[in-house]
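Both ligands and their constituent atoms are indexed starting at 1 by order of listing. This structure is a prediction, so every number in the text was calculated from the model and none was measured. Note that these values count all heavy atoms, side chains included, but never hydrogens, waters or copies made by symmetry.
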Amino acid sequence: MGFDVSVIGIGRIGLPLALSFADRGLHVLGVDVDPDRLAAVAAGRMPFEEPGAQEALERVQASGRLELTDSVAEAARAENIVITLGTPSFSHIEIDIRDVRAALDDLLPHLRPGQTIVLRSTVAPGTTEFVAGYIAKHLDLEVGEDVFVAHVPERIAAGRFFEEIDTLPCIVGGVGALSGERAAGLFDVFSAPVVQTTPVQAELAKIWTNILRYATFALPNLLMMDCEQHGANVFEVIDLINRDYPRGGIASPGLTAGTCLRKDFAFSEERSAAPGMLLAVSRVNESVPLFLVEGIKRRLGPLSGRKVAVLGLAFKADTDDERDSLAHKLIRLLERELADVAVHDPQVATPTSSFDDAVRDADAVVVATNHSVFRGPGPLARISELAAGDPLVVDPWNCFGAGQVFGYAAEVVALTPALE
Ligand SMILES: NC(=O)c1ccc[n+]([C@@H]2O[C@H](COP(=O)([O-])OP(=O)(O)OC[C@H]3O[C@@H](n4cnc5c(N)ncnc54)[C@H](O)[C@@H]3O)[C@@H](O)[C@H]2O)c1
């Protein structure tokens, strides 16, 4: 057939996977419709950050085992076709599978008996059966006998791909036993254990992995808001809850979002028999930017004409991925208060101010992303030096280690042991 595997959508998930297959000796075809992305990869340049990916790309290029195309139909030249396309949600609490359907429509005229189609994208329960049904409806082929369809969800965290591809159990939900075996055979090139299940259980396991994290962070975020209401310190309460407590513990607050966490709960909610609970979880996490803005206003008064520095645009620490980041929402809310907002993020592609320019003369500094470079006493000392008088420091992540969500710089510095 020409290729062992084609990967449709060489984005943040598809490209590291394509590189990993090629690194294991498979002949891989990478498919994408974005000419800039294809050009970057063809030139041997990673289009986004992922530790280890640049080295893998260089190795794979030297081996000649990765080829690229902008034609989805070409993907049918491979024995295995892995779909890693984006699956956003509509604003209607409903998965948007238009990209997956479009790719299937391109593939259908070229599919042949013996091929395996793996849905790697995150999907709402029932989508893998839809894909199998869509193929069966349009072709005279039986899924599970002639062609094979499986969901093999991606649960690897951004930034850990090359470590976790060989360690994190690989869930395989085949449509029929043979589909599961075929997909498991493909992912057997990696060292991670393969766990076979049904398609819907694979779908549920993936989205509930993310729902668990989304809900886990909503609890400390709600506690942070409650503490402000009661004049309590959330970090002290969290310490009281967790200290030597043998039955689990509560996580830390922060701006909880990102392209996966924010949408995957909606994939469950679209057919939930008990809707509402996860919407409340989402409401809590989505309220954090407003809570921070209101907290700044309570302390500084109206923000019109006041300078607010926002540190971090990425959705989580040490990534260049800004998609669905609450930092953007925070900035929009600050701008709606007529504040003069300055932003610094050393990781993202969006141009931002330098750290010094962002914090210089600021009345308030908000740590929106807990990047490693913001941690510890150094950045705090620089804020004290450059900002206006005794600026308000807003640190829901406790990056500076002072244990204060809102504190004036002099107080925060005094509470940070390394600066005493
Ligand atoms: N990013 C993550 O950390 C992560 C983690 C787990 C699961 N996922 C899931 O993996 C899937 C992909 O996410 P991602 O972050 O890699 O998305 P992405 O946007 O980075 O990648 C998607 C790629 O598909 C390309 N594309 C779009 N339409 C196409 C088409 N018709 N034909 C060919 N290529 C096309 C885009 O140009 C892009 O390069 C989603 O379902 C997501 O929920 C993502």
* To do: Indicate, with yes or no, if the rings of F21 and F3 have centres closer together than 6.0 Å.
  => no
* Look at atom 29 (C) of ligand 1 and say which protein heavy atom is nearest, naming residue and atom and giving the distance to 0.1 Å. => L85 CD2, 3.3 Å
* Can a salt bridge be assigned to the pair R24 and D166 using a cut-off of 4.0 Å between side-chain N and carboxylate O? -> yes
* **Option nearest atom 42 (C) of ligand 1 (shortest heavy-atom distance, choices K316, E154, K263)** => K263
* Asked: What protein heavy atom sits nearest atom 21 (O) of ligand 1, and how far away is it?
  -> G11 CA, 3.2 Å
* **Atoms of ligand 1 close to D34 [distance to a heavy atom under 4.0 angstrom, numbered from 1]** => 37 (O)
* Pairwise distance NE2(H27) to OG(S63) - rounded to 0.5 angstrom -> 8.5 Å
* Look at atom 15 (O) of ligand 1 and say which protein heavy atom is nearest, naming residue and atom and giving the distance to 0.1 Å. => R323 NH2, 2.9 Å
* Side chain, backbone, both or neither: P153 near ligand 1, heavy atoms under 4.0 Å -> neither
* Going by an N to O cut-off under 4.0 Å, is there a salt bridge joining E286 and K329? -> yes
* Asked: Where on S121 is there a heavy atom closer than 4.0 Å to ligand 1, on the side chain, on the backbone, on both, or on neither?
  -> both
* Around atom 24 (O) of ligand 1, find the nearest protein heavy atom and jot down its residue, atom name and distance. => G9 CA, 3.4 Å
* Nearest non-hydrogen protein atom, atom 20 (O) of ligand 1 -> R12 N, 3.0 Å
* Asked: So is G14 polar-close to ligand 1, meaning N/O to N/O under 3.5 Å?
  -> no
* Can a non-hydrogen atom of R155 be found less than 4.0 Å from any atom of ligand 1? -> no
* Asked: Nearest protein heavy-atom contact for atom 31 (N) of ligand 1: which residue, which atom, what distance?
  -> V33 CG1, 4.2 Å
* Structure fact -> The single option from V7, I117, V118 that satisfies side chain to side chain contact (heavy atoms under 4.5 Å, CB included) with I83 is I117
* Structure fact -> Note: heavy atom closest to atom 9 (C) of ligand 1, options T319, T87, T122, belongs to T122
* Donor-acceptor contact present, side-chain T167 to main-chain E163, <3.5 Å -> yes
* Asked: Charged N to carboxylate O under 4.0 angstrom, R262 versus D324?
  -> yes
* To the nearest 0.5 Å, how far apart are CZ in R323 and OG1 in T259? -> 4.5 Å
* Close approach, A103 and ligand 1, non-hydrogen under 4.0 angstrom -> no
* **ligand 1 atoms in contact with R37 (distance to a heavy atom under 4.0 Å)** => 20 (O), 38 (C), 39 (O)
* Say whether T84, considering both its backbone and side-chain N or O atoms, lies within less than 3.5 Å of an N or O atom on ligand 1. => no
* Structure fact -> Any heavy atom of R101 under 4.0 Å from ligand 1? The part involved is neither
* **Side-chain ion pair, D340 and R306, N-O less than 4.0 Å** => no
* Asked: What is the distance from atom CG of L29 to atom CZ of R77, rounded to the nearest 0.5 Å?
  -> 6.5 Å
* Asked: What protein heavy atom is closest to atom 13 (O) of ligand 1, reported as residue, atom name and distance in Å?
  -> I13 CG1, 4.1 Å
* Structure fact -> Taken to the nearest 0.5 Å, the spacing of I211 CD1 from M277 CE works out to 9.0 Å
* If every non-hydrogen atom of E269 is compared with every non-hydrogen atom of G276, which pair is closest and at what distance? -> OE1-N, 3.1 Å
* To do: With atom 38 (C) of ligand 1 as the reference point, say which of I156, I83, D32 has the nearest heavy atom.
  => D32
